[in-house]
Undergrad: 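Attaching a single structure in structure tokens format; questions to follow.
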Amino acid sequence: MESETDEMRECLIDCLRPRLKELIVVDRVLDLIHFIENEQKERIRQKARNDGDISAADSLINAVVHKPHTPGWFAAFVDALNRGGCKFAADYMQLNLPTPEAEAENENCVRLIHLLIPSLADMVTEEVCTHCFSKKLLTEDERDRITAEIGNRGRRSGARELLRRIVKCPPGWYSTFLQVLKDTEHHVLYNELTGSDKKPSLKDKPIATGESPTSAESCDGTESMEITVNEQPMDQATDLNASSELPSNSEPSQPDGSALEVARSPEKEITLRDYQMEVAGPALEGKNIIVCLPTGSGKTRVAVYITKEHLDRRKAEGKPRKVIVLVNKVPLVEQHYSAEFLPFLKNKYKVERVSGDSQLKISFTEIVKKNDIIICTAQILENYLERANSGEDEGVNLSDLTLIIIDECHHTQKGGVYNHIMMRYLKQKHKNKRLIKEQKEPVPLPQILGLTASPGVGGATKMEKAEEHILRICANLDASRIMTRSQEEFKKEQRKIIVSVEDRREDPFGDVIKKIMTAIHNHAELTPTCDLGSQNYEQWVVQKERQAAKDENQKVRVCAEHLRQYSESLNLSNTIRMQDAFSFLNKYYNEEMKKKTAPEEEHKIQITDTERFLFNLFEDNKKELETLAKNPEYENDSLSKLRTKILHEFSSRDEARGIIFIKTRRSAIALNQWIQENPKFADIEVKSAYVIGGGDQSVVKPMTSAEQKDVLKKFGNGQVNLLIATTVAEEGLDIPACNFVIRYGLVTNEIAMIQAQGRGRAEDSSYTLVEVKNSGVAEKECVNEYRKKMMNKAIQKIKSLNQAAYEKRITEFQIQAIMEEKVRMTKKKQKDIKNESPSNVKFSCRSCSEPICTGDDIQIIENMHRVNVTPQFRKLYIQRENTTLQERLLDYETNGFIACKNCGQRWGSMMMYKGIECPCLDVKNFVVNLNGKKISKCTKWNEVPIKFSAFDYAEHAINMTMSDNSDDDETM
């Protein structure tokens with residue numbers, strides 16, 4: 001019977017859980033509950049400090065309903081609520097519920113307080129606190145806590161803490177609070193809450209705490225005030241329940257496809273933490289700054305606040321206003337739009353986003369004109385700045401903008417697009433100085449706001465060079481200051497673990513691979529000078545392949561190409577499973593054999609003696625490799641240690657959620673497959689997915705931005721709890737809080753390390769580095785830690801410079817950058833003068849060295865696609881279907897590729913342009929001969945110094961029609 005009663009009480013608590021989470025003040029109640037272990041109490045307190053009362057209250061409720069129950073647990077919980085001042089929560093537990101009307105009224109009052117937090121935070125908190133205590137809205141303990149908050153963090157922070165407490169009182173608190181505002185002569189605040197323009201009448205009486213407010217005194221009883229009510233649950237709709245420790249960007253980001261949902265929901269109010277307000281200070285005064293805050297500390301929220309203040313101020317002053325937010329990755333456009341700028345600014349200002357995935361980029365000039373805030377990829381803005389500069393069309397000018405926000409601004413250096421935009425700014429800034437001297441009107445320039453988690457040290461080994469690197473970034477952004485949060489306020493360091501691995505006692509699979517590679521070396525008469533499979537070896541092989549292509553030494557070229565595949569398989573074997581390495585090799589040789597098979601039976605593709613040797617060599621060893629790959633005894637220790645680490649994380653946490661960073665796309669896909677096929681992971685409910693880059697520079701099929709968003713959405717809502725990611729997820733993307741991060745054989749620089757660590761945002765998160773053979777990650781990580789400390793010291797040294805000394809160095813770096821840019825542009829102009837005659841450039845097949853065509857035969861479509869539509873060229877290639885390439889773009893589409901009829905080497909794709917088939921060439925598949933000098937490493941067409949003639953669609957269509965008519969005549 002007792003167990004049935006307990007079950008009913010558990011059910012009651014679960015039904016009331018959403019309301020209880022809003023009403024329980026954890027620090028009041030926790031010590032009064034005797035049946036919760038001290039260790040668990042401490043975890044709940046930590047949760048309250050880091051994640052706020054709502055999250056901590058949820059954990060407390062979980063602890064209360066956890067079985068087995070002690071006798072009298074339910075009554076003890078209700079008693080703790082009553083004694084802890086949470087009478088409203090206790091009433092719910094005893095089913096002493098308010099009427100639906102009173103409950104709805106109370107919710108509206110809470111939301112109204114939430115909406116007006118920015119104004120209410122200006123109250124004289126000490127006076128209001130004293131009066132609230134006397135009116136029994138606050139307990140003595142709460143009064144002391146608020147007083148301490150005022151002393152430690154200031155009056156505004158104390159006001160937020162006071163408001164957070166009083167909204168959890170039973171209905172009637174609102175009228176009492178209005179009376180407090182009257183008594184303390186906060187007439188402006190009273191008017192804001194009531195919608196009245198006159199001072200309150202002294203004859204108004206408060207309603208005693210615990211009584212239901214009347215409609216005349218309700219928070220929305222005044223017709224002159226329009227209130228938008230948020231229909232979301234309270235834990236999402238208000239920050240009043242958040243801990244004062246919680247970064248204000250911690251609310252859940254909007255998933256993909258929710259922009260419409262965000263647009264329809266009520267606008268949110270921006271509330272900054274004290275440290276966020278501090279770093280925003282100079283920008284609110286109109287100065288250019290860099291905000292440098294750790295990942296998860298609310299940089300973007302600071303930017304939203306600065307944007308709002310900037311627009312409000314300029315609107316009040318009657319000045320033009322236009323804000324543009326620049327990002328360096330397409331997914332960040334939607335993220336910043338849906339999760340940050342739109343929810344907070346949509347009611348007062350027009351917000352739009354544009355990226356390479358958007359059709360809006362075609363009318364970007366109009367988008368800029370019609371909207372107040374535009375979020376876009378930096379390259380789009382650079383393109384339209386260049387259009388305006390060249391006079392090509394209207395474009396966009398820097399003078400059209402009043403604030404530019406640059407996300408991940410540490411990229412504003414060298415040849416990056418951010419730097420191109422800022423170079424235009426710096427040139428105009430220094431021209432303006434001359435115009436002012438000449439007493440002419442200067443060209444208006446926008447305010448600049450840079451955001452970063454880490455500027456890095458640029459590979460510096462000495463403090464002086466680290467300072468110089470950071471100062472150059474400051475100079476490039478024309479920043480008057482770099483703003484950081486004091487080191488003491490950083491959240492405590494994550495637990496960092498470096499997992500060492502042992503070499504295999506035996507590696508027969510690797511030995512067979514190395515035996516094959518040695519045979520290839522002997523056949524091609526090559527002598528490597530480094531360990532097989534190492535990074536140095538791969539660089540050596542690439543150099544050999546390029547030189548052989550240039551020398552038309554097909555034996556060495558083909559052998560080098562195959563050695564690259566074996567080197568990759570060794571790396572896969574050391575990182576993932578041997579069977580993944582074998583599958584990779586087997587697939588490669590199957591594809592190579594297909595290349596040597598012509599679509600038509602009557603045509604045979606040439607197979608050289610070297611290719612036959614390589615095919616036979618793999619075939620001779622294939623069975624042995626396949627057998628060894630299936631033997632778990634020889635698996636690498638790195639994978640074993642990773643397995644142990646994943647099992648530990650998911651077994652020791654109530655709700656584990658983690659990210660594994662890995663080096664290559666192929667490894668990410670293979671690792672995900674290994675996890676999904678392992679029954680031990682399924683038993684502990686590991687649900688994995690991978691996210692990789694969207695560029696096409698890799699042979700592995702890239703992920704579209706839609707596919708990336710879909711995976712991240714599933715990770716956010718719990719459908720996926722383990723993400724395997726390449727470096728695409730290290731920077732910028734808003735990945736929901738996770739409690740462990742593993743870098744698996746991957747270490748780059750100190751910026752990437754800080755970004756990866758920042759992905760573990762939950763309390764008690766861990767950061768683990770697992771070694772992989774030949775990766776040298778442990779040593780690199782130590783170097784990165786040293787550089788991180790050097791970077792922090794360098795930032796502090798820069799901040800300690802007096803402003804005059806700082807500005808002097810910044811000016812010197814800016815002048816140097818402008819001079820270097822002039823030299824670079826002069827060289828570029830000389831390089832861009834493509835005065836070589838197309839007939840002087842010859843192209844030959846990279847694989848078999850057969851002459852293909854000259855530059856005279858190649859034409860260009862839309863200033864982008866190089867095609868050869870001559871009848872002679874048509875006889876040299878075969879066409880194959882490529883099922884992975886189904887891309888439709890405006891007037892053309894590609895759905896197959898072309899390959900050398902002689903050797904099967906792929907040359908490019910078959911493009912359908914306005915109904916005409918056009919063979920489109922990829923220069924990296926050819927050896928380019930310029931005036932008798934061979935160039936073997938052209939990877940982009942702009943590296944070829946020729947201006948190709950434009951494709952004449954009409955002329956080619958007429959020629960095709962005449963050719964078809966001629967064929968018809970012959971048939972007749």
Side-chain angles (χ1 to χ4, degrees), residues 5-38 40-49 51-67 69-99 102-103 106-107 109-110 132-133 135-146 161-174 176 208-212 233-235 238 240-243:
T5 305
D6 282 348
E7 284 182 15
M8 290 174 62
R9 287 167 173 167
E10 288 169 16
C11 183
L12 172 66
I13 290 173
D14 274 335
C15 290
L16 295 173
R17 184 183 289 258
R19 181 65 68 202
L20 293 174
K21 282 162 57 178
E22 299 161 11
L23 298 176
I24 292 174
V25 181
V26 172
D27 54 22
R28 289 186 197 172
V29 175
L30 192 57
D31 286 330
L32 301 173
I33 305 176
H34 63 83
F35 55 82
I36 297 179
E37 299 282 341
N38 287 334
Q40 192 167 12
K41 285 182 180 179
E42 188 53 42
R43 284 200 296 271
I44 294 171
R45 284 192 192 93
Q46 191 68 33
K47 191 87 168 170
R49 284 193 291 271
D51 295 347
D53 252 0
I54 284 184
S55 184
D58 195 42
S59 297
L60 185 146
I61 293 167
N62 287 338
V64 168
V65 299
H66 184 70
K67 296 178 180 178
H69 295 301
T70 58
W73 67 276
F74 185 80
F77 182 41
V78 175
D79 182 59
L81 292 174
N82 272 314
R83 288 164 58 205
C86 297
K87 185 179 181 303
F88 200 16
D91 286 344
Y92 269 93
M93 291 282 290
Q94 295 168 302
L95 298 179
N96 297 328
L97 307 179
T99 64
E103 188 172 40
N106 190 65
E107 287 183 21
C109 293
V110 172
C132 285
F133 173 67
K135 301 282 187 184
K136 295 188 170 26
L137 288 179
L138 297 172
T139 64
E140 185 176 353
D141 180 58
E142 286 175 323
R143 180 193 63 183
D144 294 342
R145 285 174 183 269
I146 292 165
E161 181 68 12
L162 182 147
L163 295 169
R164 185 170 76 89
R165 301 283 179 166
I166 66 170
V167 296
K168 299 194 178 188
C169 292
W173 62 267
Y174 180 76
T176 307
T209 302
E211 296 176 16
S212 298
M234 288 288 291
D235 58 335
T238 176
L240 293 172
N241 296 303
S243 161

Undergrad: Are side-chain N/O atoms of Arg17 and Asn62 paired as donor and acceptor at under 3.5 Å?
TA: yes
Undergrad: So Tyr174 and Val110, do their side chains get closer than 4.5 Å, heavy atoms only?
TA: no
Undergrad: Could you check whether His66 and Gln40, counting side-chain N and O atoms only, form a donor-acceptor pair closer than 3.5 Å?
TA: no
Undergrad: Looking only at heavy atoms, which two atoms of Ala63 and Ile36 are closest? And how far apart?
TA: CB-CD1, 3.9 Å
Undergrad: Are Arg164 and Ile146 packed together at the side-chain level, in the sense that at least one heavy-atom pair is separated by less than 4.5 angstrom?
TA: no
Undergrad: Can you tell whether the side chains of Arg165 and Asp27 come within less than 4.0 Å, N to carboxylate O?
TA: yes
Undergrad: Indicate yes or no for a side-chain donor-acceptor contact from Lys41 to the backbone of Ile33 under 3.5 Å, with no hydrogens or angles considered.
TA: yes
Undergrad: How long is the gap from CD on Glu37 to CZ on Arg43, to the nearest 0.5 Å?
TA: 9.5 Å
Undergrad: Does the side chain of Leu138 come within less than 4.5 Å of Ile166's, by heavy atoms?
TA: yes
Undergrad: Arg9 and His69: side-chain contact (heavy atoms from CB on, under 4.5 Å), yes or no, with the steps?
TA: CA-CA 11 Å; Arg9 287 167 173 167; His69 295 301; over 6 Å; no
Undergrad: Within the 4.5 Å heavy-atom criterion, are Phe74 and Met93 side-chain neighbours or not?
TA: yes
Undergrad: Going from CG on Leu20 to OH on Tyr92, what distance comes out if it is rounded to the nearest 0.5 angstrom?
TA: 9.0 Å
Undergrad: Quick one: do Thr70 and Trp73 satisfy side-chain contact (heavy atoms from CB on, under 4.5 Å)? Show the steps, please.
TA: CA-CA 6 Å; Thr70 58; Trp73 67 276; 3.9 Å; yes
Undergrad: Which heavy atom of Ala57 sits nearest to which heavy atom of Ile24, and what is that distance?
TA: CB-CB, 4.3 Å
Undergrad: Check the pair Arg45 / Asp31 against salt bridge (Lys or Arg N to Asp or Glu O under 4.0 Å), numbers first and verdict last.
TA: CA-CA 10 Å; Arg45 284 192 192 93; Asp31 286 330; 2.3 Å; yes
Undergrad: From Ser59 OG over to Lys21 NZ, what is the distance, rounded to the nearest 0.5 angstrom?
TA: 9.5 Å
Undergrad: Assess whether side-chain contact (heavy atoms from CB on, under 4.5 Å) is satisfied between Phe77 and Leu60, documenting all intermediate values.
TA: CA-CA 11 Å; Phe77 182 41; Leu60 185 146; 3.8 Å; yes
Undergrad: What's the separation between atom CG in Asn38 and atom CG in Leu30, rounded to the nearest 0.5 Å?
TA: 9.5 Å
Undergrad: With the side chain counted from C-beta on, respond yes when Arg145 and Leu162 share a heavy-atom pair under 4.5 Å apart, and no when they do not.
TA: no
Undergrad: Taking all non-hydrogen atoms of both residues, which atom of Leu32 and which atom of Ala80 are closest, and how far apart?
TA: CD1-O, 3.6 Å
Undergrad: Between atom OG1 of Thr139 and atom CZ of Arg83, what is the distance when rounded to the nearest 0.5 Å?
TA: 13.5 Å
Undergrad: Report yes if the side chains of Phe88 and Lys168 come closer than 4.5 Å at any heavy-atom pair, otherwise no.
TA: no
